[in-house]
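Just so you know, these numbers use all the heavy atoms, side chains as well, and skip hydrogens, waters and symmetry mates. Just so it is clear, the structure is predicted and the values come from calculations on it, not from any experiment. Chain naming here is simple, since letters A, B, ... match the order of the sequence lines and numbering starts at 1 in each.
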Amino acid sequence: MGLEIMDDVRKDFVRNMLSEGDREDGRGFREYREISLKRDIMNKAEGSACVKLGDTEVLVGAKLEVGSPFPDSPTEGVLITNAELVPLASPEFESGPPNEKSIQLARVVDRGIRGSGVIDLGKLCIEEGEKVWILFLDIHVLDNNGNLVDAAALGAIAALQNIRVPNEKYGLTGEETLQVHDTPVAVTMVEIDGTIVVDPTCNEENAATNRLTVISNADGSLSGLQKTGSYGMKEETIVEMVELGIEKAGEIREKFLNVPS
Amino acid sequence: MGLEIMDDVRKDFVRNMLSEGDREDGRGFREYREISLKRDIMNKAEGSACVKLGDTEVLVGAKLEVGSPFPDSPTEGVLITNAELVPLASPEFESGPPNEKSIQLARVVDRGIRGSGVIDLGKLCIEEGEKVWILFLDIHVLDNNGNLVDAAALGAIAALQNIRVPNEKYGLTGEETLQVHDTPVAVTMVEIDGTIVVDPTCNEENAATNRLTVISNADGSLSGLQKTGSYGMKEETIVEMVELGIEKAGEIREKFLNVPS
Amino acid sequence: MGLEIMDDVRKDFVRNMLSEGDREDGRGFREYREISLKRDIMNKAEGSACVKLGDTEVLVGAKLEVGSPFPDSPTEGVLITNAELVPLASPEFESGPPNEKSIQLARVVDRGIRGSGVIDLGKLCIEEGEKVWILFLDIHVLDNNGNLVDAAALGAIAALQNIRVPNEKYGLTGEETLQVHDTPVAVTMVEIDGTIVVDPTCNEENAATNRLTVISNADGSLSGLQKTGSYGMKEETIVEMVELGIEKAGEIREKFLNVPS
Amino acid sequence: MKKEGEIEFIKDGKRVDGRSFDELRNIKIDVGVLKRADGSCYFELGNNKVLAAVYGPREMHPRHAQDAKMAVVKFRYNMAPFSVDDRKRPGPDRRSVEISKVSREALDPVILREYYPKAAIEVYVEILQSDAGTRTAGINAASVALADAGVPMRDLVSSVAVGKVGGEIVLDLNAVEDNYGEADMPIAMIARRNTITALQMDGNLTKDEFEKGLKLAMKACQQIYELQRTALIGRYNKGESAKLKDSGT
Amino acid sequence: MKKEGEIEFIKDGKRVDGRSFDELRNIKIDVGVLKRADGSCYFELGNNKVLAAVYGPREMHPRHAQDAKMAVVKFRYNMAPFSVDDRKRPGPDRRSVEISKVSREALDPVILREYYPKAAIEVYVEILQSDAGTRTAGINAASVALADAGVPMRDLVSSVAVGKVGGEIVLDLNAVEDNYGEADMPIAMIARRNTITALQMDGNLTKDEFEKGLKLAMKACQQIYELQRTALIGRYNKGESAKLKDSGT
Amino acid sequence: MKKEGEIEFIKDGKRVDGRSFDELRNIKIDVGVLKRADGSCYFELGNNKVLAAVYGPREMHPRHAQDAKMAVVKFRYNMAPFSVDDRKRPGPDRRSVEISKVSREALDPVILREYYPKAAIEVYVEILQSDAGTRTAGINAASVALADAGVPMRDLVSSVAVGKVGGEIVLDLNAVEDNYGEADMPIAMIARRNTITALQMDGNLTKDEFEKGLKLAMKACQQIYELQRTALIGRYNKGESAKLKDSGT
């Protein structure tokens with residue numbers, strides 16, 4: 001009960017600050033927290049990245065294993081995106097099987113990757129109908145201070161960019177790297193009392209009436225949208241967020257993903 | 001607590017009416033509610049039927065997939081009968097894995113089908129030891145107003161009667177229909193204060209001391225029996241119910257299952 | 001609450017007796033309860049044994065099935081040790097999936113067997129990379145009056161000693177028995193207020209500050225150790241227990257496992 | 001989203017099933033079709049057959065999940081095993097868990113949850129036959145079932161998907177369009193207030209296509225709203241409002 | 001139920017194991033074989049080896065499953081992994097869930113559950129070796145274990161199966177008869193009251209065969225009842241009633 | 001434990017990675033690396049990368065698992081799916097359940113659990129990269145994280161493994177030594193008190209080897225203790241003790 005009151009206090013705090021033009025950490029409304037991206041940091045993973053958005057920290061590891069294709073797509077590899085909200089990362093997370101939050105996180109990141117054709121699954125076929133690469137993308141949240149989606153999506157692309165295909169382990173020959181065809185970037189915004197802010201903290205997420213994640217590609221097109229939360233949104237707000245999302249994605253892509261390949 | 005009292009009130013209501021020769025819906029003791037049977041109504045299922053017993057409504061869908069035989073019966077297809085008591089169908093049903101009620105429902109229907117050799121599982125063999133048809137019979141309860149077993153068993157036979165074998169989907173040739181060798185019909189009766197009534201409603205099931213399901217075939221033989229409930233029964237009552245069950249099964253079979261094939 | 005008080009009463013009872021040089025059942029500190037071992041008692045198991053340590057009773061059954069090897073050890077059979085603490089055996093056991101107690105029990109027994117090379121897994125290979133024997137060792141606890149590990153470990157070796165390989169069932173030819181290369185024996189001791197006693201009862205386990213299981217082989221070497229409990233131990237105590245464990249193991253081996261093979 | 005170069009999605013300004021770009025599939029709505037549920041609705045959208053039932057407000061279990069300020073809405077989207085081409089294993093999978101969450105959040109804004117603190121309002125959607133668009137059909141059905149149950153609501157929620165096939169933005173994708181098209185965007189809205197309560201998109205759309213699709217979907221939701229309203233009025237004109245729901249409970 | 005034309009089930013009026021049609025397999029009953037359980041029974045029926053334990057009446061968990069008017073009986077039928085030809089994966093499967101329900105309902109009628117409102121009486125049956133008829137052996141063992149635990153009962157329950165093999169109605173099917181016979185019908189009854197508390201049948205029987213089988217089973221239950229009673233009397237004559245059950249608890 | 005005859009474990013008195021018999025791998029300790037946790041520690045041991053977080057003391061759920069006399073310590077050892085050569089399926093397996101139990105019992109003796117009756121102290125260890133010795137790294141990390149969280153403790157716990165490879169007793173096995181060596185013996189101890197709180201062994205050791213290994217491990221725990229202490233002092237000298245832990249909670 002005391003905890004619920006603290007929830008309300010924090011929500012009011014965030015709202016009052018915003019009404020005076022401030023955010024709890026002093027950022028501008030359309031400003032991200034400091035982003036840090038480290039690549040290829042886990043030597044057991046075929047690809048990996050660690051992303052920090054301020055105090056939010058997410059680790060993404062990619063593993064490649066040889067397995068069977070789905071019967072209805074015998075010439076394609078398989079991409080499986082999974083997210084674990086381990087209790088280490090937040091007092092609100094609990095041990096147990098994936099829940100609706102972790103499932104949604106994984107699926108939104110997954111759709112962003114599929115929607116923009118980041119990976120050519122046909123290239124992951126080893127032997128039609130028999131053997132394909134199974135590409136596991138595991139999102140491991142270490143510290144949840146808000147906006148896990150953007151951190152996870154950024155980490156996912158960065159991890160894919162540094163994959164080394166373990167051909168040797170399976171006695172195969174083939175390309176060593178995985179071609180990454182696009183660089184979708186997720187930008188999440190919340191609406192709080194009519195104000196739009198990007199890259200929300202936990203407190204801002206809790207105080208928000210709405211949240212929208214906009215995933216966009218290098219050419220400015222969209223490869224994913226996901227509205228979250230139990231409130232309605234106006235068309236104009238959505239359109240404004242989509243524009244803003246595409247703009248911020250461009251900035252992040254420029255700085256972190258346009259690696260010489 | 002209030003709910004438990006309502007339970008008792010309803011039980012007494014049913015008992016009092018019966019003691020005066022009446023049922024809550026005005027039926028005779030040995031009278032079924034109006035039966036409605038619709039066949040082949042679900043185009044994604046290889047066979048289907050919807051059965052209504054008064055306000056009780058059960059959907060049965062049959063799916064055929066190619067799979068492996070059990071090691072100890074390499075020349076036989078596999079029949080898997082499953083029942084879902086989805087929470088949509090009753091305030092008492094809960095989400096979750098199958099419980100003892102849904103398992104018993106599925107198993108009683110399944111035994112009725114096996115006991116009378118309705119399906120020749122040998123005919124479901126495609127390639128000995130390698131490939132057989134897996135026949136899934138899924139009982140999906142939509143509205144539980146009592147006597148699910150009889151509705152499900154009737155729907156199961158009707159669904160089997162209209163199966164189209166999906167040979168083409170698997171690049172196979174073979175017979176298009178499945179021969180149905182018998183038409184077992186389940187008839188459920190309850191004993192309430194010594195009175196036997198057929199096709200019980202929920203209220204009657206709750207007020208009953210005993211319930212017996214009698215499954216019988218076209219030739220009048222039995223292919224399944226199942227007593228339910230925490231009370232003892234006299235031999236005479238059981239024998240009377242078996243006779244009555246065979247008689248009612250004949251009426252239902254005549255009206256609903258003797259389709260020209 | 002009342003139960004917790006009874007717990008304390010029993011602990012104090014055990015402690016008080018020990019301080020006067022007595023155990024609740026009159027044994028010496030380094031004395032086992034009467035051990036009974038029956039072999040080959042279950043005709044559906046390929047090997048079996050029933051062990052009683054006083055009122056503790058454990059059944060171990062070995063089953064052999066043909067299956068696939070692990071990809072990283074294509075020339076080896078598979079040993080799977082499993083323990084079920086079924087609720088029949090103790091008021092404290094509950095139905096459900098394996099918990100930390102049953103998992104620890106199985107793993108300690110398993111490590112003892114592996115550590116001393118009791119079974120040559122290479123001999124369980126039928127066809128490299130394709131077919132191997134899967135050896136299931138199932139520990140089924142019937143009555144828990146303390147010291148399950150020693151009873152289970154003794155039963156496991158005895159069950160392995162009387163395995164008949166079911167070649168015929170799988171259309172194979174090969175040796176009929178399984179060579180058992182060593183006879184590891186588990187000896188469990190507890191420390192209660194500085195006193196070391198072997199083969200603890202439930203009450204002694206509950207009153208103990210520490211428990212150590214020492215598994216040793218025919219040549220006096222160690223093949224497993226496991227400390228249990230939320231208290232620290234002194235080096236001297238551990239060394240003393242290890243010596244005592246090896247000594248008692250020798251006595252048990254001599255009496256029960258040195259069968260003419 | 002698979003590419004299938006050989007399908008000619010658009011021919012003479014018509015789609016594979018003969019519809020124009022902004023045309024809904026046939027919709028059929030039956031209200032109050034179940035006896036045990038407090039409210040129910042059968043909804044057909046083309047070949048989709050969907051059933052929704054509502055129970056409550058009633059006591060919330062488990063207690064620690066109660067909300068002291070308002071009712072908790074539970075939403076369970078479930079596919080019957082025989083509703084799809086390859087039999088669906090019973091029980092929730094990741095897709096149905098996500099759809100349940102999105103659908104619940106689509107309906108939450110119209111339910112006067114604060115009237116029933118600590119209570120549960122349970123919404124169950126069963127997909128009996130699936131042909132693309134089941135989540136939108138489920139939200140439409142659930143919205144009507146909530147009204148049928150007498151749950152106090154600000155308004156109805158209506159839902160539809162738009163997408164891109166053969167380079168065109170079209171309304172209400174069918175199965176072929178969904179499987180082989182370029183984008184799919186389901187939305188839900190409170191039609192009379194132009195308020196969007198659910199929005200998802202996967203595939204690929206330019207910003208202009210997105211805006212065009214959003215407008216198309218919003219317009220179609222108005223149509224669906226009228227059908228939902230008509231069905232509810234029909235239901236009560238039949239005088240069935242006096243149905244006895246408690247028998248057998 | 002598989003047909004196996006080549007087995008000669010009946011030869012010279014005897015069955016494959018030499019029994020006559022109405023003959024039980026060997027039965028062995030040991031009472032009070034477990035120390036920790038409040039009551040226990042080891043039951044052999046031919047090659048079946050079954051152990052039953054009873055705990056309670058004790059507090060019912062979880063609380064919401066308590067019955068304010070009477071004790072709830074929990075019954076768990078479980079097969080040891082090595083009790084069957086092919087190793088049984090630990091944990092309940094559909095068959096054991098159904099058998100547990102039927103067995104609980106077979107025993108409920110004799111337990112004076114109303115003496116212990118809100119309590120649980122827990123019955124655990126472990127099948128150590130299986131050879132057809134385990135559910136009947138389990139009910140018989142459980143009935144004796146309940147008495148051994150001092151649970152107040154109206155009477156004992158006895159159980160046996162009858163079936164049809166080689167065209168004949170026979171008592172207490174063995175494994176070959178069960179696997180390849182034409183019908184199997186397990187029943188349980190309160191022998192002294194001629195009251196049937198469990199009845200199942202699968203396979204195929206005419207009405208006359210059913211009636212003949214029912215009578216055969218009822219008669220055999222009388223025999224089993226006498227064996228159960230004798231075992232219980234033997235137990236108490238040994239003066240073991242004073243066993244200390246609480247040590248180690 | 002597999003035998004691998006072809007590996008030359010010891011050459012010129014050095015091990016495969018150039019270490020001497022009694023040499024630890026490189027250790028790196030960072031304290032307070034997580035914002036949301038009440039205490040945290042990042043621990044590297046050679047190629048092992050391990051993160052520990054502590055929450056609590058806080059309310060224990062479920063209530064029936066509360067201990068009226070003292071706090072309950074929950075310990076969850078978990079491997080990230082990408083921490084090992086072949087992807088680890090998420091969720092606890094038998095190995096991690098046992099390690100969690102042993103690790104909890106290794107830490108229990110130093111936590112002043114009686115200060116917080118009915119409470120839970122939760123310790124979460126994530127293995128991010130695994131290279132033999134993860135359980136000892138996890139205990140070391142958890143011990144520091146508990147101190148960082150301000151949980152009242154009698155002392156720190158330090159942990160290391162010893163083993164036998166190529167016939168020699170060596171300290172802190174690496175992955176090759178662990179996979180193909182002859183024995184592995186992880187221990188945990190309260191270094192300043194010479195009190196052993198965890199001890200496991202698998203493989204094969206003579207009694208003398210065991211005693212030699214135990215002494216070797218105990219000495220190494222003293223070294224690790226100093227590193228843990230230094231890391232904690234470093235943490236507080238930076239004045240980070242004033243970190244605001246409640247933001248965002």
Side-chain angles (χ1 to χ4, degrees), chain A residues 3 6-7 10 13-14 24-25 41-48 50 52 54-57 59-65 67 80 82-84 86-98 102 134-146 159 166 169 201-206, chain F residues 32-42 46-56 58-59 61 74-92 96 100 120 122-131 134 138 141-142 145 175 243-249:
Chain A
L3 288 170
M6 280 309 294
D7 261 9
R10 274 198 213 93
F13 174 73
V14 168
E24 56 169 337
D25 51 12
I41 47 172
M42 294 286 138
N43 72 8
K44 300 275 171 172
E46 272 75 50
S48 61
C50 182
K52 287 194 189 183
D55 290 321
T56 287
E57 186 169 1
L59 200 55
V60 181
K63 292 289 296 177
L64 276 165
E65 296 188 356
I80 295 173
N82 180 59
E84 294 288 307
V86 293
L88 166 127
S90 164
E92 281 102 36
F93 294 167
E94 289 174 10
S95 303
S102 63
I134 315 287
L135 169 50
F136 291 99
L137 215 43
D138 281 292
I139 298 162
H140 215 70
V141 176
L142 302 183
D143 211 354
N144 177 25
N145 290 277
K169 180 176 168 188
T201 63
C202 273
N203 284 340
E204 288 169 344
E205 286 177 348
N206 291 335
Chain F
V33 293
L34 300 177
K35 184 80 173 172
R36 295 303 296 278
D38 295 325
S40 59
C41 175
Y42 174 75
N47 286 321
N48 293 290
K49 298 184 178 184
V50 170
L51 200 50
V54 169
Y55 289 91
R58 57 181 182 176
E59 204 181 343
H61 289 292
K74 292 184 184 179
F75 191 105
R76 183 178 187 259
Y77 167 101
N78 185 52
M79 300 193 103
F82 45 78
S83 65
V84 281
D85 283 329
D86 295 322
R87 179 183 183 258
K88 157 95 177 57
R89 269 177 67 139
S96 64
S100 296
E122 299 166 36
V123 185
Y124 298 108
V125 166
E126 294 291 324
I127 309 303
L128 305 178
Q129 189 169 293
S130 160
D131 198 58
T134 56
K243 66 173 171 166
L244 290 168
K245 279 182 186 148
D246 52 349
S247 76
T249 313

Trainee: Using a 4.5 Å cut-off on heavy atoms from C-beta on, say whether the side chain of A/Glu57 contacts that of F/Leu51.
Mentor: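 They are not in contact (no side-chain heavy atoms under 4.5 Å apart), so the answer is no.
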Trainee: Can you check whether A/Asn43's main-chain N or O pairs, donor with acceptor, with F/Gln129's side chain at less than 3.5 Å?
Mentor: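 At least one qualifying donor-acceptor pair exists.
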Trainee: Under a 4.5 Å cutoff for heavy-atom pairs, which residue among A/Pro166, A/Gly146, A/Ser95, A/Ser48 has the most contacts with chain F?
Mentor: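 The option with the most such pairs is A/Ser95.
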Trainee: Which heavy-atom pair separates A/Lys169 from F/Asp85 by the least distance, and what is that distance?
Mentor: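 For A/Lys169 and F/Asp85, the tightest heavy-atom pair comes out as NZ-O, 3.0 Å.
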Trainee: Counting heavy-atom pairs under 4.5 Å to chain F, which of A/Ala45, A/Ala62, A/Ser90, A/Gly96 comes out on top?
Mentor: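 Ranked by contacts with chain F, first place is A/Ser90.
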Trainee: Locate the shortest heavy-atom distance separating F/Val33 from A/Asp143; write the atom from each residue and the value.
Mentor: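 Closest approach of F/Val33 to A/Asp143: O-OD2, 4.4 Å.
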Trainee: Examine whether an atom of F/Asp86 lies under 4.5 Å from a heavy atom of chain A, and if so say whether it belongs to the side chain, the backbone or both; otherwise answer neither.
Mentor: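 Both parts, backbone and side chain.
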Trainee: In Å, rounded to the nearest 0.5 Å, how long is the span from CZ of A/Phe136 to CZ of F/Arg89?
Mentor: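 Rounded to the nearest 0.5 Å, the CZ-CZ separation comes to 9.5 Å.
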Trainee: Does A/Asn145 reach the main-chain N or O of F/Arg36 with its side chain, forming a donor-acceptor pair under 3.5 Å?
Mentor: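 Flag not set: sc A/Asn145 to bb F/Arg36 has no pair under 3.5 Å.
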Trainee: Please name the pair of heavy atoms, one in F/Arg76 and one in A/Pro87, separated by the smallest distance, quoted to 0.1 Å.
Mentor: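 So the two residues come closest at NH1-CD, 3.7 Å.
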Trainee: Among A/Leu142, A/Leu88, A/Leu59, which has the most heavy-atom pairs under 4.5 Å with chain F?
Mentor: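 Most pairs with chain F among the choices: A/Leu88.
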Trainee: Using only atom types and a distance under 3.5 Å, with no angle test, would you say the side chain of A/Lys63 pairs donor to acceptor with the backbone of F/Val84?
Mentor: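 Yes: the side chain of A/Lys63 pairs with the backbone of F/Val84.
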Trainee: So, the side chain of F/Arg87 versus the backbone of A/Asp138: is there a donor-acceptor pair under 3.5 Å, distance only?
Mentor: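 No, F/Arg87 side chain to A/Asp138 backbone: no donor-acceptor pair under 3.5 Å.
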Trainee: Need one label for F/Ala52: side chain, backbone, both or neither, based on atoms under 4.5 Å from any heavy atom in chain A.
Mentor: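 Backbone of F/Ala52 only, per the 4.5 Å heavy-atom cut-off to chain A.
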Trainee: Which one wins on heavy-atom pair count under 4.5 Å against chain F: A/Thr56, A/Ile41, A/Ile134?
Mentor: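 Looking at each option in turn, the highest pair count goes to A/Ile41.
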Trainee: So what's closer than 4.5 Å to chain F heavy atoms on A/Thr201: side chain, backbone, both or neither?
Mentor: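 Answer is neither: A/Thr201 stays 4.5 Å or more from chain F.
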Trainee: Identify the two heavy atoms, one from A/Lys44 and one from F/Ser130, that lie closest to each other, and give their separation to 0.1 Å.
Mentor: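 Taking A/Lys44 first and F/Ser130 second, the nearest heavy atoms are CE-O, 3.0 Å.
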